[in-house]
Amino acid sequence: MTHEVLIIGGGLLGCAAAWHLARAGLAPRLIEARGINAGASGQNAGSLHFQIERRFLEPGGTAHAQGGDIVRLNRLAIEEWAGLEDQLGRPLDIHMHGGLMLAENEADLALLSLKVARENELGLPTQLLSGAEARDLVPRLAPHICGAAWLAQEGHANPRILADAFADAAKSSGASIETQSRLLDLRRDGDHWQATIEQSGQIATARARHVILATGHWTARIAARMGLNIPLYLAPLMMSVTDRTAPFLPYLIQHVGKRLSMKQTDDGNMVIGGGWASAPQKMADGLPDLDAPPHLVPDNLRANLAVAAGVMPCLRGRSLIRSWTGMTCISADQLPIVGEVPAAPGLHVAAGGSMFTLGPLLARMLARSIIERAMPEEIALFSAARFAHLNAFVVPS
């Protein structure tokens, strides 16, 4: 069977790309080894964080120059999220009521001031608040919080339902979505790619002009089977949730100097994360087991909860009801890798950081790159071509 586009991976990005391609009439086929949204897309904390990270503020470095591109992308992502429920025609638990990035000391506050000035310069309407103004918004913030950056468009969404919504919309538009379908082999065959797929114990092959690897932390290992070097590295993370309490926090909370993300669900639970590491399980050969959930690291869990309680003391009276882990990946330069691999024409990857916040936008841009046969200028910063030198001596097999 021959397809124009074969998508490997049924997470947020794969399902959203399938929807955009199906709407353009390309009738993509998506295969997923487990179930839709079984990986990192459904295991993250669901933050929509559009304020830039502090690394984009360091003067003179590459990251500082990239900050402008990141802000422009974040502005586009805000528009993307704001229109999703209307486009998909169903509620998605998207709450964009605002977000606070907190400062606990004068050095943090100076950095926030620099950040707000840079973002405003680039068209992102953040505001610098005093500690008193931040507590006017969230009275339960600790009294020592001395300021915050406020962005009215930040928020959170429900990661458990979004990929399924895209998958349903993709099927309605003509895409084929197949779960329990494992990729066994992928190789170049003339001007097409040939995939060997296992479904219900049966082995079949499929040919496609374009293949999208939307396989998260599996991407580098799948690419390595073809002799390709994609610099993506495991990032096992953990999140926690407390018992329910009366609603008091409609906003996303972050911290400029510490790892923290915090928000309250519709049911009243507090979700706490922020990029604290868990530990991958190992296989018999000592390599990380990419199919197994990582182990919690107790010291990191305690540290994460301490940061949360430090900025919001009322959390000390709450019960922790669950902590969980998820596996994602980051690239060598901590930016997503999106687009066609120069050494492997027709092979497209989409993986790396910010894949929930930027996922819907990047999926649309990736689909556009296939439809128009050109990388959209908006995401040129993320092009896989920036790592072309790693495959200078590779002949994909």
Side-chain angles (χ1 to χ4, degrees), residues 13 44 47-81 99 101 103 108 110-126 128 149 151 153-154 214 216 219-220 229-235 237 252 254-261 274-275 328-342 348-366 368-369 374-391:
L13 205 135
N44 67 87
S47 300
L48 302 180
H49 45 84
F50 302 115
Q51 298 187 54
I52 57 175
E53 302 169 44
R54 63 183 298 161
R55 65 190 177 97
F56 295 114
L57 302 173
E58 301 298 333
T62 303
H64 185 273
Q66 293 168 341
D69 293 322
I70 296 298
V71 168
R72 282 185 282 273
L73 271 172
N74 285 350
R75 289 169 57 196
L76 290 174
I78 288 169
E79 295 174 8
E80 195 85 16
W81 279 99
M101 186 177 286
D108 283 350
L111 188 60
L112 278 186
S113 180
L114 177 67
K115 183 185 78 69
V116 167
R118 176 119 166 94
E119 288 170 334
N120 287 178
E121 219 175 75
L122 296 164
L124 192 68
T126 47
L128 186 64
L151 181 61
Q153 292 83 9
E154 285 192 307
T219 302
N229 300 302
I230 307 295
L232 291 164
Y233 308 97
L234 295 183
L237 301 175
L252 173 67
Q254 301 172 83
H255 196 295
V256 69
K258 298 177 180 178
R259 286 175 287 171
L260 177 67
S261 72
T328 184
C329 60
I330 59 170
S331 73
D333 61 5
Q334 300 183 66
L335 298 176
I337 302 177
V338 182
E340 188 172 34
V341 179
H348 308 259
V349 298
S354 302
M355 277 295 165
F356 189 78
T357 296
L358 294 180
L361 173 66
L362 295 181
R364 178 166 63 83
M365 293 290 176
L366 179 58
R368 186 175 131 196
S369 75
M375 170 64 75
E377 183 182 348
E378 296 92 330
I379 59 167
L381 177 66
F382 299 158
S383 171
R386 72 189 190 273
F387 295 117
H389 60 284
L390 299 179
N391 292 304

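Position 1 is the first residue of the sequence; numbering continues from there. All heavy atoms count here, side chains included; hydrogens, waters and symmetry mates do not. Everything numeric in this text was worked out from a predicted model, so none of it was measured.
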Is any side-chain heavy atom of Ile379 closer than 4.5 Å to a side-chain heavy atom of Leu366? no

Ser47 side chain to Thr357 backbone, donor-acceptor under 3.5 Å: no

Residues in side chain to side chain contact (heavy atoms under 4.5 Å, CB included) with Ala110, at least two apart? none

Once side chain to side chain contact (heavy atoms under 4.5 Å, CB included) is applied, do any residues pair with Ser383, and if so which ones, sequence neighbours excluded? Met375, Ala385

Should Gln254 and Glu154 be marked as a side-chain hydrogen bond (donor to acceptor under 3.5 Å, both in side chains) after you check the CA-CA gap, both sets of side-chain angles, and the distance that decides it? CA-CA 11 Å; Gln254 301 172 83; Glu154 285 192 307; 3.2 Å; yes

Mind checking what makes side chain to side chain donor-acceptor pair (under 3.5 Å) contact with Glu119, not counting sequence neighbours? Lys115, Thr126

Among residues at least two apart in sequence or on other chains, which ones pass side chain to side chain donor-acceptor pair (under 3.5 Å) with Glu340? none

Do side-chain atoms of Asn229 reach the backbone of Asn391 as a donor and acceptor pair under 3.5 angstrom? no

Checking Phe356 now: which residues fulfil ring-ring contact (aromatic ring centres under 6.0 Å, His included) with it, not counting sequence neighbours? Trp81

d(Arg55 CZ, Gln334 CD) to nearest 0.5 Å is 4.0 Å

Show me the donor-acceptor pairs, under 3.5 Å and distance only, between side chains in residues 72-79 and residues at least two apart or in other chains.
from: Arg72; atom 1: NH2; to: Asp69; atom 2: OD1; distance (Å): 3.0
from: Asn74; atom 1: ND2; to: Phe50; atom 2: O; distance (Å): 2.8
from: Arg75; atom 1: NH1; to: Leu122; atom 2: O; distance (Å): 3.0

Applying side chain to side chain donor-acceptor pair (under 3.5 Å), name anything that partners Gln153, two or more places apart in sequence or on another chain. none

Heavy atoms of Ile330 and Ala235 approach each other most closely as CG2-CB, 4.3 Å

Nearest atoms (heavy-atom pairs only) where Leu362 meets Met355: CD1-CE, 3.9 Å

By side chain to side chain donor-acceptor pair (under 3.5 Å), Thr328 pairs with (sequence neighbours left out) none

Under a 4.0 Å N-O cut-off, is there an ion pair linking Arg364 with Glu378? no

Give the minimum heavy-atom separation between Ala384 and Gly339, together with the two atoms involved. CB-O, 4.1 Å

His255: what forms a ring-ring contact (aromatic ring centres under 6.0 Å, His included) with it, not counting sequence neighbours? none

Using side-chain heavy atoms (C-beta onward) and a distance below 4.5 Å, is Pro231 in contact with Leu390? yes

How about Leu252 and Leu151: do any of their side-chain heavy atoms sit closer than 4.5 Å? no

Ala380: partners by side chain to side chain contact (heavy atoms under 4.5 Å, CB included), with sequence neighbours left out: none

Are Ser331 and Pro336 side-chain neighbours, meaning at least one heavy-atom pair lies under 4.5 Å? no

Using the test side chain to side chain contact (heavy atoms under 4.5 Å, CB included), find all partners of Leu234 that sit at least two apart in sequence or belong to another chain. His217, Pro236, Pro288, Leu290, Met327

Between CG of Leu112 and CZ of Arg54, what distance do you get to the nearest 0.5 Å? 9.0 Å

Contact summary for Gly274 and Ser261, nearest pair of heavy atoms: N-OG, 3.4 Å

Tightest non-hydrogen contact, residues Ala149 and Val116, listed as CB-CG2, 3.8 Å

Going by heavy atoms in the side chains, are Val338 and Met365 under 4.5 Å from each other? no

Could you tell me the separation between the CD1 atom of Ile70 and the CD1 atom of Ile52, rounded to the nearest 0.5 Å? 9.0 Å

Exercise: identify the closest heavy-atom pair between Val256 and Met101: N-CG, 3.6 Å

The single option from Leu358, Ile337, Asp333 that satisfies side chain to side chain contact (heavy atoms under 4.5 Å, CB included) with Phe382 is Leu358

